[in-house]
Structures are given as C-alpha cells and as structure tokens.
Amino acid sequence: MIDIIDLILNTPFLQRALIAALLIAIIAATSGTFLVFRGLSFMTSGVAHAALGGAALGFFLQAIGLFPWFDPTLGAIVFAVLVAVITGYAGESGVAQKMEVAVGVSFALSMSIAVFLMYYIPPDKVLVLWGYLVGDILLMTNQDIVMLTITTILVAFIILLFKKEFVYVSVDYEGSLAHGLNARGYHYLILVISSIAIALATKAVGAILVYAILVAPAAASNETLKSVNKVMIGVFIIALVAQVIGIMTSFIVPVSPSAITGILAALSYIIALQIRKIREKVNEGIPEVIHQETTNIE
Amino acid sequence: MANDSGDDVPLVEARDLAVRYPNGELALYNVSFTIKAPSFTAVIGPNGSGKSTLMKTILGLIHPTRGTVSVMGYDVVRESKEIRKLVRYVPQRDHIELSIPMRVKDIVLMGRLLKKPAPRFASSMDKKAAKEALARVNMLELWDRPFPELSGGQRQRVLVARALASSGPLLILDEPLAGTDAESQKLIVNALSDYQKNNNVSVIMVTHDLNPIHVLVQNVLLLRNTLLGVGTPCDVMDTELIKQVYGPTAQIVEHSGHKYCITHDSGVDRHD
C-alpha cells in the first residue's frame, strides 16, 4: 500500500492520469447520464469525432499560415458544438430517428475532413491529431488537466443546478413546454455544454475512451438503479473504478489503460443487463399484487 | 392574469383556423368555434382527424398557418407564455419517456414544480397537493413505486393526478382513456368530474369514445380535419353527421332507450 502511495507521489504523469480519471468520471456522471436519458448516447461518438475534424482544420490553417491564431483545440470545440446544435435542431420535433441521422452525417463529414486534411498537415502534428482518436490518459500535459478541470466544474455545476429541468425535458418534452418551461433552451443547453466537455475530454484521453466512459456506465446504471440520483452516483463509481483499474493494470502488464477501461465499462453494461433479466424473472408474479392493492381500497 | 374568467372572454375561441402537420400536410382547415367557461368539452373524431393537433395549437406548441386561436383572450402565437400559466396538459401516454427512472411521486410533483420558479424545491404544500391528487385516482399507495413499472391504466391515472395537482383554470387532456382498463377509466372520469365541479375549472378532453364521459360533457367538437359538428352529446349523435366523420359504415342504433354509435374506430359508443 505504501509502495503504491509512494509511486503516485513520485510520478507526476500518474498523478495527472488519476486526476483526469476523476474528472472524466464526473463528466460521465453528469453529461453521460443525461445524454443516455435523452436517447443521445450515439451523439457522444459523433461529437468526439467532430472534435477530431475540427482539430485537423486548426492544424491545417496554422500550417498554411492563413489563420495562425486558430488553435486546434478551438477548432475541436467549434466542430463539437456545431454537431451538437445540428443534432439538437433535428431532434427538436422529438423524433429520435432524425437525431440519429444528423449524428451519422456529421460524424462522416468530420471524419472525412480530418482524413482529407491529414495530407496537408506537418507529420509531427498528425501524431497529435491521432491522439484525439486513440489518446492516452498517461500522456496528459498540465495544460490538458487545467482545461479539463475548468470544463468539468462548469458542466457539473450547470447540470446539478438544472437537474430537475433536464429530467423534465427528457421525460416529457411537450408537457414541460405546455406547463411553461423553456424546454427548448434546456434542450440546447445540455447538448452544448456536453459537447464542449466531450471535445476537451477527447483531446485529453482520446475518442475511444470518452465514448466507452460516457455511454456504457450510464446505460448500465440506468438498467439497474431506480432514481436519477442513484444512477448518477452509479455512473461515477463505475467510471472511476474502470479507469483506475485501467491505469493500474498498465503498470503491471504492457497494455493501454484505455483498452482495459473500455472493456471494463462494456462489461458493466453486460452485467447490468443480466441483473435486470434476473430481477424480471424474480418479479414475474408482482403485477397481480399491485392490482389487488388498488382494487381493495374502494 | 388580468383578463381570465371574465364574463365575456371565451375560454377558447378559434377563427378560420388552418394548421399543417410538420410534414406539410393539412391537419385542420376552416375551424371556427367558441367555448365558454366553465365547461367540459370533448373533442372526438377518427385517427388522424387533427384532434391532437388542435390541442397543441391551443397550447401554442404548433403555430397555425392561417386564422387565430385565443385562450381566455390571449393569442396562442403572441401570448403563449401567459396561456401556459393558465393550462395544465396531459399528453398522450406514449409521449412520456419510460427509460428515465422516475417514481410516481416525481411525475405528480412535476405538475406543480414546472409552474414554480427555479430551484423548484417541493414544499410540504406541494407534497400534500400531490398526495391528494393521487388519492383522487386511487394511486396513493404507489407513491414510491417506479413509474415505468406501472400498468398502462395506472400510468394514465398518475398523469391525470399530475394535472389535478397542478394549477390553472384549464385542463387539456389528450386521450386520457385510450388503452386503459375499465377500472382506471371509471376512476379517471370520476376524478375529473368531481374536480371540475368543485374547483371552477374547465376541461377539454380528446377522446375516441364519448360513452364514458357523455353525462359530464356540455360541448362536443366533432372533428375530421375540419369542424363537422358542434353541440351537446345528443346533438352530435346524428346518423348523417356520424357517417360524415367516421365513414359510411358508421351507424347509430337505438336499443332500449339508449343510442349506440357503431364505428370502425371506436367500436360501440352507447348514448342515453
């Protein structure tokens, strides 16, 4: 035990990785939970890949000297928000299918832009760009940590502040509107702040890990837990444990921490499905009991 | 809320209304009517006749392509903010997303908390009103039960309770009796009837079947993309009118003092 603490205290990149794991678990518990509630888990992947396209555009514009101020991170955020807004616009009519198409098209477009521009970006920058796809939580810089911390605090604060509103918009969009809630505003607010968080997390740890951590734990918790707060706490625990085990394993065997984390996150969902199945079997006789209760009262 | 429930201001007034579906098809045309408060109004007609669209237009969720609608004197396009303070809405049951872990109490409290300013904390008064509303539809025992695990009829009762717990002089319900068991139907109708009589509120209800509510209803709007009939339940139980709405196979049969309306859509609709 003391050995482990000693190792953490003497290894700055390990400290950064553990802080990042904590921050990403918070993003998963807030943004991830609500994206799954809204039926938008697929958007996470679209936004993460849009970030890649935006970053490629940033590197390209810097390389040809046209807009040297155009930072690749800024490009990533702009593209990510754009995809989120397009998805949100398609989904405003409440048709989930349209949102799926919007995500699919923007996904393809931003990946094509990224691959297209790769030929015109200096080779050393192409490596950085690949980091957006298969990034490594052990390779984070101090700057990455600072930006991720600011975003996480912002996202967690907004989502906890407007938790009820986001729940109501997810449960009954029309009803919320009809009772006077600015449902449209909240619909876009959650999409935009989530997409900024996803873009920065993608830059930090790579699209694959972001997708695994934002979707699977939320889906797993939502299958098994029975209140919004419990789901959020469940997501936080699953996400944190999966990441910490991933990081620790990479010290023992030569393996990418993202891979281990992704596999563990996916496993959590499979286990949750089994738990749900077993519960349904156990509960098969219950509905009649409910019926009795209600008919006896009259 | 200066001009609500004034003597001369109608509850709902539609003038030459035309509304399109999102896909551009015409949902409603030439619709003009006036409903005075307080009233219990039923909107009937076959599937795709524009009933839900009319409700959404009244709530300002869809804008008319022609004509105007006003609720208690407020225009639905320009003053929807005011209207939304006055109405309580029960959407069709399948519009409620079941993948979110809500409990019965969360759904019922929603009706009150949506009308409150942020941070929307539930006070003891809110909880009391929510419990009273659930008791009206005989669902109080299920206060802590997960909403998605209820039967269709029970979920519908909870949604009606959500409207009863909320505030505002106009209740709009979209098919609250569709796909419910006989017991739930009776509970919902009785709860609405008691509540309407004792609380000086008006109800507009979209329904397939006039039978369960015909003794409560004062006005019926018979809709098939345009308004084919307005009147009391007995007025609209006219063979010619019913054929126009439901097609040539629809019939009205008189049997031992009751009128039965037989249609493809609603099956048999008894009428005393």
Side-chain angles (χ1 to χ4, degrees), chain A residues 33-34 36-39 41 92-96 98 160-184 186 218-219 221-232 234 279-280 283 286-298, chain B residues 22 55-56 58-61 80-92 95-103 106-107 109-115 118-122 135 138-142 145-151 153-154 157 159 162-163 166 168 172 174 181 183-184 187:
Chain A
T33 302
F34 279 94
V36 167
F37 282 170
R38 291 290 280 138
S41 50
E92 241 187 89
S93 53
V95 186
K98 275 193 195 165
L160 292 178
L161 189 65
F162 297 121
K163 201 183 73 187
K164 276 205 182 92
E165 286 80 356
F166 290 140
V167 169
Y168 290 164
V169 169
S170 308
V171 171
D172 179 9
Y173 186 83
E174 267 178 7
S176 302
L177 257 182
H179 285 91
L181 189 74
N182 180 7
R184 205 163 158 237
Y186 289 109
S221 297
N222 201 21
E223 287 289 334
T224 46
L225 300 171
K226 294 198 173 157
S227 84
V228 174
N229 288 342
K230 281 184 192 160
V231 169
M232 290 173 83
R279 259 197 213 152
E280 269 166 17
N283 286 354
I286 300 286
E288 283 151 57
V289 180
I290 295 175
H291 195 67
Q292 262 181 10
E293 260 177 64
T294 53
T295 42
N296 282 345
I297 310 294
E298 247 186 312
Chain B
M55 295 305 109
K56 286 178 191 171
I58 290 174
L59 291 163
L61 300 176
S80 61
K81 242 190 179 157
E82 296 304 319
I83 292 172
R84 287 167 189 177
K85 289 176 193 161
L86 305 174
V87 297
R88 328 175 195 185
Y89 175 51
V90 178
Q92 284 183 27
H95 287 201
I96 306 291
E97 185 55 53
L98 294 179
S99 66
I100 296 139
M102 297 286 273
R103 289 174 187 282
D106 300 324
I107 296 281
L109 282 170
M110 204 176 152
R112 290 188 71 83
L113 301 187
L114 274 169
K115 298 238 171 186
R120 301 176 209 269
F121 288 128
N138 203 4
M139 289 290 287
L140 189 54
E141 289 70 30
L142 306 188
R145 197 74 63 121
F147 181 74
E149 289 176 13
L150 304 182
S151 75
Q154 289 174 326
R157 273 146 68 183
L159 289 177
R162 183 180 85 171
S166 187
I172 294 180
D174 198 345
D181 51 294
E183 192 212 352
S184 291
L187 281 163

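Predicted model, so just to flag it, every value in this text is computed and none were measured. Convention: sequence-line order gives letters A, B, ...; per-chain numbering from 1.
In terms of heavy-atom pairs under 4.5 Å with chain B, the best-connected choice from A:Leu225, A:Leu161, A:Leu181, A:Leu177 is A:Leu177. Among B:Ile172, B:Leu159, B:Leu113, the residue with the largest count of heavy-atom pairs under 4.5 Å with chain A is B:Leu113. Contact tally against chain B (heavy-atom pairs below 4.5 Å) for A:Val167, A:Val171, A:Val231: the top residue is A:Val171.
Put simply, CD1 on B:Ile100 and CZ on A:Phe34 are 8.5 Å apart, with the number rounded to the nearest 0.5 Å. Atom-to-atom distance recorded for B:Lys81:NZ and A:Asn182:CG is 8.0 Å, nearest 0.5 angstrom. A:Tyr173 OH to B:Ile96 CD1: the interatomic distance, rounded to the nearest 0.5 Å, is 14.5 Å. Within the model, atoms CZ of A:Phe162 and CZ of B:Arg120 stand 9.0 Å from one another, a figure rounded to the nearest 0.5 Å.
Heavy-atom distances place the side chain of B:Ile107, and not its backbone, under 4.5 Å from chain A. For A:Glu223, no part lies near chain B; criterion is any non-hydrogen pair under 4.5 Å. Heavy-atom distances place no part of B:Ser80 under 4.5 Å from chain A, backbone and side chain included. Contact annotation for A:Lys226: both backbone and side-chain heavy atoms come within less than 4.5 Å of a heavy atom of chain B.
With contacts defined as side-chain heavy-atom distances shorter than 4.5 Å, the pair B:Met110/A:Ser176 qualifies. Counting heavy atoms from C-beta on, the side chains of A:Asp172 and B:Arg162 come closer than 4.5 Å.
The two residues A:Lys164 and B:Pro119 come nearest to each other via the heavy atoms NZ-O, 4.2 Å. For the residue pair B:Ser99 and A:Asn222, the shortest heavy atom distance occurs at O-ND2, 2.9 Å. The minimum heavy-atom distance between A:Tyr168 and B:Leu114, with the atom names listed, is CD1-CD2, 3.6 Å.
In this structure, A:Arg184 places its CZ atom where only 12 or fewer heavy-atom neighbours from other residues, nucleotides or ligands lie under 6.0 Å away.
Among residues two or more places apart in sequence or in another chain, the side chain to side chain donor-acceptor pair (under 3.5 Å) test is passed with B:Ser184 by B:Arg157, B:Asp181. With sequence neighbours excluded, no residue forms a salt bridge (Lys or Arg N to Asp or Glu O under 4.0 Å) with B:Arg103.
Panel note: side chain A:His179, backbone B:Tyr89; a donor-acceptor pair is recorded below 3.5 Å.
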